[in-house]
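Right, one structure below, let's go through it.
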Amino acid sequence: MSLKSFVFTASSVLALTAGAAVAKDSITIAMQLEPPHLDPTSAAAQAIDSVVYVNIFEGLTRFMGDGSIAPLLAKSWEISDDGTVYTFSLQEGVAFHDGSAMDAEDVKFSLDRARAEDSTNAQKALFAGISSVDVVDPMTVKVTLAEPNGSFLFNLAWGDAVIVAPESIEDIKTAPVGTGAFKLADWVQGDRIEMARNADYWGEAPVLASATFKFISDPTAAFAAMMAEDVDAFDNFPAPENLPQFEADPRFQVLVGSTEGETILSTNNKQPPFDDAKVRQALAHAIDRQAIIDGAMFGYGTPIGTHFAPHNPAYVDLTGGSAYDPDKARALLAEAGLADGFETTLHLPPPSYARRGGEIIAAQLAEVGIKAEITNVEWAQWLETVFRGKTFGLTIVSHTEPMDIGIYARPDYYFQYDNPAFQDLMATLNATTDPEARTALMQDAQKTIAGDYVNGYLFQLAKLGVAKAGVLGLWENAPTAAIDLGAISWAE
Amino acid sequence: MLRYSLKRLLSLILSLAVASAVIFAVIEVAPGDPASFMLGVNAQADTVAALQAELGLDQSKLQRYLSWVSGMLGGDFGTSYTYRTPVAEMIADRLWVSLPLALFALTLSTLIAFPAGIYAASRRGRAGDSAVMGATQLGVAIPNFWFAMILVLIFAINLRWFSAGGFSGWDNGLLAGMRSLTLPAIALALPQAAILTRVMRSSLLDILGEDFMRTARAKGLSRRQALWRHGLRNAMIPVLTIIGLQFSFLLAGAIIIEQVFYLPGLGRLVFQAISSRDLIVVESVVMLLVFAVITVNFAVDLAYAAVDPRLRSRT
Amino acid sequence: MNRNLILGAGLSSLVLLAAFLSFVWTPFDHAVLNIPAKLQPPNGTHLLGTDHFGRDLLSMIMVGARTSLAVALVAVGIGMGVGVPLGLSAAAAKGSWLDELIMRGNDLIFAFPSLVIAILITAVFGAGAVNAIIAIGIFNIPVFARISRGAALSLWEREFILAARVAGKTRARISAEHILPNIANLLIVQGTIQFSLGILAEAGLSYVGLGAQPPVPSWGRMLADAQTMVSFAPHLALVPGCAIILTVLGLNLLGDGLRDWLDPKLRVARA
Amino acid sequence: MSLLNIQNLSMTIAGTPVLRDVSLTVEPGGITAVTGESGSGKSMTALSVMQLLPDLARATGQITLDGTDILDQSEAQLCGLRGQSIGMVFQEPMTALNPVKTIGDQVMETILIHRAMPRAKAHLRTCEVLERVGLPQDRFPLSRFPHELSGGQRQRVVIAMAIALRPRLLIADEPTTALDVTTQAQILDLLKSLVRDYDMGLLIITHDLAVVADLADQIVVMKQGEVVETGSVKGVLANMQHPYTRMLFAASGHQADLPAAPAPTPLLEVRQATRDYQLPRTSLFAQPGHHRAVDSVGFTLNRGERLGLVGESGCGKSTLTRAILGLEPLQSGEILLDGTPISPNMATDLRRKMQVVFQDPFGSFNPRHRVARLITEPFHGMENPPRGQERLNLISQVLEDVGLKPEDADKYIHQFSGGQRQRIAIARALITRPELIIFDEAVSALDVSVRARILDLLADLCRAYALTYLFISHDLSVVRSVSDRVLVMKGGQIVEDGPPAQVFTNPQHDYTKSLIAAAPVLPDIDTLKRSQPHA
């Protein structure tokens with residue numbers, strides 16, 4: 001046992017014994033997946049963001065719990081009139097956990113590293129528009145874009161755009177050094193990560209002195225751990241069927257919010273018979289969204305009729321266009337020359353929305369004569385066969401990146417939707433900064449893909465949090481994967 | 001004895017060499033690429049290629065096999081693709097859970113099985129024997145993961161005597177560690193105890209029919225004395241075999257139980273590694289388990305010799 | 001006839017009956033979802049209740065018996081079909097390189113952690129009943145090879161084998177004509193035991209999602225589906241759990257009973 | 001007063017009667033022998049004195065040892081008697097000792113379990129006792145394990161355990177049946193001298209009347225759980241009253257009546273046959289050692305000749321048999337049958353000229369086949385095996401030849417007794433009319449009366465078929481009665497070769513002499529009668 005963890009353990013024991021007198025200042029939060037490592041800038045795993053986002057690493061901007069963007073390490077910024085030059089003024093007095101100061105050089109290093117030739121950043125596309133990053137003075141950075149990008153500040157709020165220091169980049173995966181309010185105290189791989197308050201934090205000191213993230217992948221174990229009060233909160237509780245029990249129990253509170261995850265029945269638009277829009281339409285009418293939400297999610301989730309988050313102001317409710325109507329579905333299939341139905345495959349990744357939803361969808365499709373053969377796959381296999389190999393008929397997946405309707409403009413994207421009109425629409429949207437015009441364009445986009453029945457649109461994935469009754473400040477929604485420890489406190 | 005040991009060692013090395021090739025071959029054909037898994041759906045092709053190069057995945061399979069094997073010979077199991085920590089360290093960490101758990105379960109199962117088996121054998125055909133045998137039939141039939149579910153429901157959720165799972169670590173004291181391993185150990189041990197009880201009983205019954213047991217009785221030993229002094233040690237040979245098998249099983253077979261109790265053990269490590277295509281971890285852990293089984297078998301052979309002098313003198 | 005045999009045969013034939021009956025009749029269609037009727041406890045309409053999709057549990061158990069029995073049966077078939085010839089050849093060629101090769105190969109398979117390899121196989125070749133069968137079957141091979149070799153070796157010492165050799169019969173022919181029928185009892189008994197282990201293994205694989213895929217019902221997956229709902233719908237876990245336990249129990253009792261019944265030594269003692 | 005007095009002992013096991021009104025006595029310093037064939041209840045009588053009976057056994061009557069009724073004793077009291085007042089020696093020395101304990105520990109346990117003396121003294125006594133039974137400390141230290149000893153040495157250990165506390169009564173249940181003749185003689189001598197020195201009573205169970213005559217004072221003849229005749233050995237043998245006793249006596253010394261052999265033409269020629277077995281290596285780099293089981297053996301067996309081969313266990317006779325049968329290769333030398341060399345890959349035609357009858361009537365047949373199939377197995381590989389009616393006739397005839405009924409062809413082997421099975425084995429050997437039959441200890445596992453009938457059958461068959469055979473046995477008297485010529489084998493070599501009369505009356509080799517000297521002999525009845533005052 002290292003000295004650090006000994007000190008930490010000792011102090012947490014003290015904290016526990018003292019708990020009766022003063023308000024608790026530590027918390028144990030469980031999550032389903034363990035981060036593979038702790039570098040948010042070189043992997044897609046959301047679990048990394050959940051642990052380190054704003055807790056250990058901070059970006060120039062950040063997401064707030066309601067999805068809005070707020071300044072963080074950038075105190076303020078100026079945008080040139082043509083929308084291509086952003087000049088950021090940095091917060092004064094910010095230091096990394098190793099004591100070194102955070103300055104413009106670090107920002108330049110971080111952004112250049114992310115967009116470099118040999119970068120292993122999972123969201124490299126976020127930085128594709130940057131043509132140069134220049135240090136104006138130690139507290140000022142100028143970022144020049146090749147063309148205006150309406151969502152640039154939004155892009156900088158992603159976990160993949162946090163500011164890291166060149167001195168500590170070598171060991172970032174196991175010993176992350178950031179500017180956040182918490183430091184990594186201990187990592188027992190396979191079990192938990194412990195964090196301790198950063199005494200020298202530049203901003204407002206958090207209420208919590210320490211926090212533990214515990215990794216419980218099994219839904220049963222998750223329920224048991226919560227019920228046995230082994231953990232104080234569960235971020236994104238994996239078993240919606242257990243929520244009524246927590247709601248009925250005064251020891252617990254249940255937080256139901258929304259995520260950025262559009263859960264869709266992805267359809268291979270290039271594979272016959274799905275290259276026929278009539279067949280895709282038949283598919284859409286054969287699906288009973290409410291039954292899926294009830295059966296797979298036990299009622300949690302908002303039906304969607306297009307690829308857009310319902311909590312977004314620009315959302316249009318298009319569910320009516322693909323209402324459950326098996327007769328119509330059969331008629332459409334007959335029109336398409338498939339009166340006797342057809343066979344296809346349905347690849348299901350591990351989350352229960354996919355596995356359970358898939359079983360229901362297969363049964364519903366069978367009603368109209370479509371025989372979907374279920375294949376359960378691991379994520380690695382899904383990426384290989386479905387996402388990259390594109391050898392699939394149908395699959396169910398939740399697209400959790402915020403504002404990701406742009407994927408429909410990529411003809412090589414795995415569902416292979418190729419509509420030049422839509423691609424033009426997206427190009428226009430990217431070049432547009434006027435909010436009202438943007439809204440109109442986004443609504444057009446939603447209608448286009450819904451009208452083409454590109455995919456079967458099922459529901460917006462709910463964020464289901466469970467916590468002990470006294471825990472305050474947990475995010476209800478999940479604009480991004482994050483557990484903002486700085487906002488959390490215990491009720492007196 | 002020297003020749004025997006040398007021969008054993010030679011076949012051990014050969015087995016390990018074959019095992020390593022088989023493991024590598026089976027695992028490398030698995031579809032799914034660790035780099036694209038790590039980078040997710042929005043990754044660009046050049047990013048994936050860059051990561052593959054960084055992980056050494058762009059080398060030929062033979063090169064990777066040779067570097068893996070030569071690394072292992074030097075105690076270096078390579079670096080995990082996803083965790084980016086040395087595999088040896090990860091395994092060492094997990095062993096601190098899996099090994100005590102296996103030993104705990106084995107101890108429990110032995111503590112249950114020995115008295116139960118002896119009792120049943122000594123009351124052969126009577127009510128006590130039937131009761132023990134009935135219980136073992138049930139014990140063998142119960143899937144251990146189902147039993148674990150029931151244990152959690154009763155002892156963690158309803159009674160709250162034990163935590164539902166997780167591992168507090170040995171830092172918090174031996175007792176706390178043992179406590180978090182208690183329910184998993186019970187779930188693992190009971191079915192094993194049922195098997196061991198049956199073996200113990202039948203082995204003892206075989207021995208009780210041996211001529212030398214009658215000789216012992218003719219010397220004036222009571223049934224009980226004959227059983228303890230002459231029966232047990234002779235009955236140990238099949239029992240030792242089963243204990244050896246069970247230990248290897250417990251080390252690797254706890255995979256589902258570790259899942260139910262979210263214990264950070266070897267089984268769960270390999271399970272996670274399989275799903276994230278962290279091939280080098282899978283390869284090394286499987287290799288280690290094979291190694292463990294082979295060494296345990298070797299140890300069991302040595303234990304035979306300790307029990308049975310006839311084997312000692314055989315060269 | 002003994003108690004074990006009667007009880008074991010009774011339980012096993014009950015399961016077998018349910019499996020066969022399910023081809024022609026189940027109380028409800030096991031594949032039809034009826035989400036409004038979900039999670040009903042056992043009642044007059046649904047004798048064992050309904051699951052989280054409103055499917056009738058009794059129907060699913062009946063059809064699931066098919067899956068369990070088929071997977072275990074074929075896996076045992078693979079084990080016997082490959083293992084017994086290997087074991088017999090090893091015994092017939094005792095001490096030769098063939099014997100050595102077969103036995104070392106056996107030891108090697110035994111040394112692999114079976115569950116981990118089963119998970120690997122299904123991960124590599126995809127989850128599904130066929131791959132589960134292969135994964136379980138592979139580990140049955142050394143069991144049968146070892147047991148048939150051991151039994152055959154002791155038979156090779158017997159004088160009636162010498163008599164057959166004196167008559168000029170080849171080792172292969174002696175193996176088929178004299179050895180195999182005389183170890184058949186042993187193989188049947190071991191077969192029932194491996195069969196019950198196969199059912200447990202299938203349940204375990206399905207439980208981690210690597211066995212038979214939906215919509216084919218499987219007891220193990222029913223348990224996996226049920227596990228988060230145990231606390232408010234315990235019948236979901238109890239019903240498939242009991243189905244597994246009773247089947248395995250039945251087969252084990254059958255195996256024990258057969259052993260006693262087929263063992264001439266014990267039969268003489270009883271007469 | 002008698003040391004042991006059994007009165008009207010009756011016993012049932014699970015309701016089946018096994019002993020009926022058995023009465024016998026053993027005097028201090030006296031030897032009482034219980035004899036009879038298998039199933040006569042002689043072993044049960046012995047075990048009932050020890051009260052080491054199967055769980056379901058119920059005994060009535062009286063067994064008094066020095067005035068104590070054993071049937072009245074509690075289990076704890078019995079434990080006090082066993083080993084202390086009664087010692088017991090069993091038949092199978094190979095399995096009677098715990099393989100995982102040293103011989104010293106096992107002998108000492110008898111002393112310590114009765115707390116007869118302190119540990120140090122017990123140690124001394126153990127050494128003494130082992131010396132007394134012929135296992136001196138310098139060659140057989142207490143730390144030896146049973147597997148390091150030969151059968152005879154192990155039996156000495158068992159005896160040492162039984163007499164460690166100098167019990168008043170020693171029970172020996174077939175103590176020499178599993179041993180070679182020469183060892184048997186030594187063990188019997190040892191028992192005799194122990195009885196004399198310690199003034200013990202000895203109750204010995206044996207099926208061998210010659211042993212009884214040689215050793216015992218009193219004889220108890222049992223048949224099917226009942227005593228049919230009892231009295232002093234000489235008295236009973238000189239004047240046998242019960243037909244069973246007479247039959248037993250006659251069968252024990254039975255001489256089959258062989259027809260004369262025809263003129264010699266060689267059939268089987270064994271020339272310088274040598275067979276080695278590789279021993280386990282003692283070190284990795286040393287050449288593995290060899291055990292020479294058959295060492296330059298040469299002899300000729302003529303057509304129509306009945307050749308006997310005698311030797312003790314380990315002399316190489318089984319290895320020689322297997323080589324002659326073509327089951328194992330020779331390292332050097334050759335074996336010719338009708339001029340053609342024999343080897344493991346010889347032609348089936350050649351194989352068919354030779355058949356074999358094995359020792360174990362229970363292991364010689366595939367239990368899953370019917371008799372008809374069992375005895376026709378030698379037809380295998382024939383170009384034109386008899387079929388249909390011809391085959392059935394052959395089966396019937398050969399079954400009748402060996403004294404069975406044609407309808408026995410449809411039965412399974414477990415429906416026959418040991419003697420009948422040996423007849424079936426002979427039928428199997430006869431069915432192809434082979435040129436040569438090898439009898440490998442073919443009558444050794446049979447009771448004397450059954451053995452006598454099988455030997456007569458052989459003589460009859462010789463008359464009917466003019467058989468040529470090689471008869472292998474460890475039992476001199478058997479070989480003598482069915483052979484025209486006898487070979488004596490020792491250490492892989494033939495040490496004596498000649499007609500029985502010459503070999504048995506005028507042996508040339510020392511080993512043959514010691515063999516003949518060691519074999520217990522039935523007394524001559526006429527001599528006995530003359531020496532009996534009341535005869």
Inset, instruction - Answer yes or no: are there more than 12 heavy-atom neighbours, outside Leu73(B) itself, under 6.0 Å from its atom CG? - result: yes
Inset, instruction - Would you indicate whether Phe291(B), at its atom CZ, is surrounded by more than 12 heavy atoms from other residues, nucleotides or ligands within a distance under 6.0 Å? - result: no
Inset, instruction - Find the one option among Met149(B), Glu89(B), Arg94(B) whose heavy-atom pairs under 4.5 Å with chain A are most numerous. - result: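 Among the listed options, the one with the most contacts to chain A is Arg94(B).
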Inset, instruction - Specify which of Gln46(A), Lys214(A), Glu229(A), Lys173(A) makes the most heavy-atom pairs with chain B at under 4.5 Å. - result: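 Top count of heavy-atom pairs under 4.5 Å with chain B: Lys173(A).
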Legend entry - Among the listed options Glu117(A), Met227(A), Met226(A), Arg388(A), the residue most often paired with chain B at heavy-atom distances under 4.5 Å: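 That would be Arg388(A).
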Non-hydrogen atoms of chain B under 4.5 Å away: do they reach the side chain of [X], the backbone, both or neither?
X: Asn121(A); answer: backbone
X: Pro35(A); answer: backbone
X: Asp191(A); answer: both
X: Tyr414(A); answer: neither

Inset, instruction - For residues Pro264(B) and Glu34(A), determine if any side-chain heavy atom of one lies less than 4.5 Å from a side-chain heavy atom of the other. - result: no
Inset, instruction - Assess whether side chain to side chain contact (heavy atoms under 4.5 Å, CB included) is satisfied between Arg268(B) and Ser217(A), documenting all intermediate values. - result: CA-CA 10 Å; Arg268(B) 215 172 64 157; Ser217(A) 59; 4.2 Å; yes
Inset, instruction - For residues Ala50(B) and Ser119(A), report the shortest heavy-atom separation together with the two atoms involved. - result: CB-O, 4.0 Å
Inset, instruction - Nearest 0.5 Å please: distance from the CH2 atom of Trp187(A) over to the OG1 atom of Thr85(B). - result: 7.0 Å
Legend entry - Which atoms of Val48(B) approach chain A - backbone, side chain, both or neither, heavy atom under 4.5 Å: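 For Val48(B), side-chain heavy atoms alone lie under 4.5 Å from chain A.
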Legend entry - Region of Leu269(B) in contact with chain A, defined by heavy-atom distances below 4.5 Å: neither
